[in-house]
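Everything on this sheet refers to the single structure shown next.
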Amino acid sequence: PGPREGKSTIVLNLGWTFWELGNRLIMVDSDLRRPSLHRALRFPPHAGLVELLTGAASLEQVQRPIKQDFTFLPAGATKVADPGAILSAEKIRNFLDLVKDRADVVLFDSAPVLAVSDNLILASMVDDEMLTSYELDVTATRDEEIRGIAKVTMTLRPTFSIDFIK
């Protein structure tokens, strides 16, 4: 998936659904290049995942409560030299160990898969992953075909698949 394909919207809706079903939830904005969850949740930019993973802050300092048992962890300082190094396997493993007793579900909103490789490490560390994308439907009207005009209309419909990695 690329930018603006609905990943963050799906994470927000899944998070709300998991929470309404009685799960303790931590939602993490792990897109360290273009974080967006803080805007959707109406939080100003704030210290978050970057500071936690680099040891500059504790979980208690960076987490943002949304509701009882529903916590948001913003991306934090995203002007870092190498976001891929921050999302290393060891740091993600340490983070998951830290939150495993505090949440039933941890949702990560990550960077576009086709844009950066950060997600490969993250995907290898979680139980399940979901890929969102758009289905492309290309059509031309009969008149356009007859006149040989190469005008094409595209309709984008969100689609997704769920891969279970257990």
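Not measured: the values here are computed from a predicted model. Values reported hereafter were calculated over all heavy atoms of this structure, with side chains retained and with hydrogens, waters and symmetry mates removed.
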If we only count heavy atoms from C-beta on, is the [X] to [Y] side-chain gap below 4.5 Å?
X	Y	answer
V99	L59	yes
H38	P45	yes
D82	I86	no
V11	M27	yes
L107	V105	yes

Measure the spacing between [atom1] of [X] and [atom2] of [Y] and express it to the nearest 0.5 Å.
X	Y	atom1	atom2	answer
L87	L49	CG	CG	6.0 Å
L37	F108	CG	CZ	12.0 Å
I10	T17	CD1	OG1	11.5 Å
F95	S88	CZ	OG	13.0 Å
W16	I66	CH2	CD1	8.0 Å

Is a donor on one side and an acceptor on the other found under 3.5 Å between the side chain of [X] and the backbone of [Y]?
X	Y	answer
D31	S36	no
W19	Q68	yes
E51	G48	yes

Next item on the list: Step by step, work out the side chain to side chain contact (heavy atoms under 4.5 Å, CB included) result for F70 and F18.
Entry: CA-CA 10 Å; F70 189 161; F18 279 122; over 6 Å; no
Next item on the list: Please state whether the rings of F43 and F72 are parallel, tilted or perpendicular, taking 30° and 60° as the class boundaries.
Entry: parallel
Next item on the list: For L96 and I92, run side chain to side chain contact (heavy atoms under 4.5 Å, CB included): C-alpha distance rounded to whole Å, both residues' side-chain angles, the deciding distance at 0.1 Å, then the answer.
Entry: CA-CA 6 Å; L96 292 172; I92 295 297; 4.0 Å; yes
Next item on the list: Sequence neighbours left out, what passes salt bridge (Lys or Arg N to Asp or Glu O under 4.0 Å) with R39? Give chain and number order.
Entry: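 None.
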Which pair of heavy atoms, one from [X] and one from [Y], lies closest together, and at what distance?
X	Y	answer
S58	Q61	N-OE1, 2.7 Å
V50	A77	CG2-O, 3.3 Å
P74	V62	CD-O, 3.5 Å

Item checked: Contact list for residues 95-115, test side chain to side chain donor-acceptor pair (under 3.5 Å), sequence neighbours left out ->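 Those involving residues 95-115 are S8-D109, R24-D104, E60-R102, S110-N119.
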Next item on the list: Before giving the answer on side chain to side chain contact (heavy atoms under 4.5 Å, CB included), spell out for Q63 and L52 the whole-Å C-alpha distance, their side-chain angles and the decisive distance to 0.1 Å.
Entry: CA-CA 10 Å; Q63 66 187 358; L52 179 63; over 6 Å; no
